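These notes concern the structure reproduced below.
Proteins get letters first, then strands, A, B, ... in listed order; numbering begins at 1 in each. A quick note: this is a predicted structure, and the numbers were derived from the prediction, not measured.
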Protein chains: 2
Amino acid sequence: MARNIQSLERAAAMLRLLAGGERRLGLSDIASALGLAKATAHGILRTLQHEGFVEQDPDSGRYQLGAELLRLGTTYLDVHELRARALVWTDDLARSGGEAVYLGVLHLRGVLVVHHVFRPDDSRQVLEVGAMQPLHSTALGKVLSAFDPVAHAELVEAERERFTSRTVTGLDDIERALDLTRAQGYATDAEETWEGVAAVAAPIFDRHRMAVGAVGITGAVERVCRDGEPRPELIASVRDTARSVSRDLGAKPF
Amino acid sequence: MARNIQSLERAAAMLRLLAGGERRLGLSDIASALGLAKATAHGILRTLQHEGFVEQDPDSGRYQLGAELLRLGTTYLDVHELRARALVWTDDLARSGGEAVYLGVLHLRGVLVVHHVFRPDDSRQVLEVGAMQPLHSTALGKVLSAFDPVAHAELVEAERERFTSRTVTGLDDIERALDLTRAQGYATDAEETWEGVAAVAAPIFDRHRMAVGAVGITGAVERVCRDGEPRPELIASVRDTARSVSRDLGAKPF
DNA sequence: CGATAGTGTTTAGCATTGTCGAACGGCGGC
DNA sequence: GCCGCCGTTCGACAATGCTAAACACTATCG
């Protein structure tokens, strides 16, 4: 297997470092964090800055992410076929369910939110497109882990953080939940990630019968659940939406 | 001036090519478009794919943008100081004005939308964060061109496309509009970019008195304008918002 | 059905290219 | 004014990534 290009890998590591850590980092911090000579790090940063992937604060000289990333990231959304097909159906789901709708795909060790429909009321909500959700505790993540072998492998390897008192972290318990998810065809999240928040999600398949994403509805546990279980009509709506998107992607209905 | 890193420049060109052209491109297309040997292009693409910046369709083997760009792009939004300061004020502006609000900064040869508040009604709207607007025909663009010398230079160099019958493309006419913008402290766009759409925008300054962005309100010309001119109360609201954000950024009010 | 023209991928060798360590100019603060 | 640290530049070396040609593979077409 051929090796990858060193300078590109280092540049990518820099971008991730800038994305993960502090808002702004100095050259020396970056160089030492990646184990590079200052001049090497500087050359990469200079190029990244020239291309717009990184910006430098004129006062402090520190570096931060650049605007070009936002522009390219949005065009990624435009190119995303799954998202384009789902746009029509997710709106209806949010309207009929009265809750926020999320569309997620596997990325790295989590679920990347590629579409988010606000809960249909006038409350102030922040868009979460581009955000990541954990695999082991969210409805979207459980669906992907249950139906996508790659996601399952990532789930096993990833460390499973405890978010609330109801978060399931033991591998055996999680596997049991995934078996249930496969049997039912949907997954739930009852306050396992955020206190007071519950969710239901179902898998989306492409023409090869592969799980390529998950769609789910999320809201206050009092509205989403009844007697500790998600309301059956919500589950039905979510599964209908997932089936509609799958059909649009070319999946044959058995 | 030291030279930039070749492989990084080529990788960036590839990403821009993938963002600009067709949804998916083959290796041969990419290599010939950039004037590279196939193996060279392949090495770069292989690394970009491994880092998540590019994805490859398993069936056709073609390449498209990757999910990591979306993740990093939204992180850029989190890091963006201007956007963070503006969040509070733009909501109020949208509510009081009853129209959609945009926050833009200069990027390349245009205005990059870094924040977008939906018009406060139940209509279906698409988020335009990450999209670009032209400098010469939009209210945001005119404000930036009038108060930011860099934006002005870009405007002069850029080709000024005609979008509607009211688009101003002559350099002299534009300069006159920019003089007016500087004198008034705000800019307008009356169906110069999109038919039936008008806008008002005002500049945001930082602690060095430099224009770092623009905030504006956009809506149907019938609602935004009266007798061919933007409604005075809308202009006042937009300017108030711009002043509030500037103050939050540390700009002294004279 | 075999030939052809594509595709994306891999291999080998060369020299271009990016890396390194050290020195430079500027700034802020013990 | 000194010291320490910052980001930046310089120059030399060799590791690195580039080029060109050959490799499998699929789809197309005579």
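- A straight line from NE2 of His42(B) to P of dG17(D) spans 15 Å, rounded to a whole angstrom.
- Take Arg109(A) and apply the side chain to side chain contact (heavy atoms under 4.5 Å, CB included) test, not counting sequence neighbours, and it matches Glu154(A), Glu157(A), Ala158(A).
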Taking N or O atoms only and anything under 3.5 Å, show me the protein contacts with nucleotides 18-27 of chain D, one pair per line.
residue: dT19(D); atom: OP2; partner: Thr40(B); partner atom: OG1; Å: 2.6

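- Here, dA12(C) and dT16(C) have their P atoms 22 Å apart, quoted to the whole Å.
- A straight line from CZ of Arg24(A) to P of dG7(D) spans 13 Å, rounded to a whole angstrom.
- His115(B) is linked by a ring pair (Phe, Tyr, Trp, His ring centres under 6.0 Å) to nothing, counting only residues two or more places apart in sequence or in another chain.
- For the pair Leu27(A) CG and dG7(D) C1', the computed distance is 6 Å after rounding to whole Å.
- Between the side chains of Glu159(A) and His136(A), no donor-acceptor pair of N or O atoms lies under 3.5 Å.
- Pairing partner, dG4(D): dC27(C), with both Watson-Crick or wobble hydrogen-bond distances short of 3.5 Å.
- Using a 4.0 Å cut-off, no side-chain N or O of Tyr63(A) falls inside it from OP1 or OP2 of dC6(D).
- At whole-Å resolution of the value, CZ in Arg46(A) and P in dT9(D) are 7 Å apart.
- Among residue pairs with one or both ends in residues 65-82 of chain A, those qualifying as salt bridge (charged side-chain N to carboxylate O under 4.0 Å, His left out) are Glu68(A)-Arg71(A), Glu68(A)-Arg16(B), Glu81(A)-Arg85(A), Glu81(A)-Arg24(B); sequence neighbours excluded.
- Screening residues 134-151 of chain A for salt bridge (charged side-chain N to carboxylate O under 4.0 Å, His left out), with sequence neighbours left out, gives Lys142(A)-Glu192(A).
- Between Leu87(B) atom CG and His80(B) atom NE2 the span is 11.0 Å, to the nearest 0.5 Å.
- Following rounding to the nearest Å, Leu45(A) (CG) and dG18(C) (P) show an atom-to-atom distance of 15 Å.
- Partner assigned to dT11(C) is dA20(D), using Watson-Crick or G-U wobble distances below 3.5 angstrom.
- Rounded to an integer number of Å, the gap from Asn4(B) CG to dG17(D) P is 17 Å.
- Evaluation of the ring pair (Phe, Tyr, Trp, His ring centres under 6.0 Å) rule for His116(B) yields Tyr102(B), Phe118(B) as partners, not counting sequence neighbours.
- Of the residues near DNA chain D, Leu8(A) and Ser28(A), the one whose nearest nucleotide (by heavy atom distance) lies more toward the 5' end is Ser28(A).
- The separation between Leu25(B) atom CG and dG8(C) atom C1' is 14 Å, rounded to whole Å.
- Leu48(B) has its CG atom 16 Å from the P atom of dG8(C), to the nearest Å.
- Rounded to whole Å, the separation between the P atoms of dG26(C) and dA22(C) comes to 23 Å.
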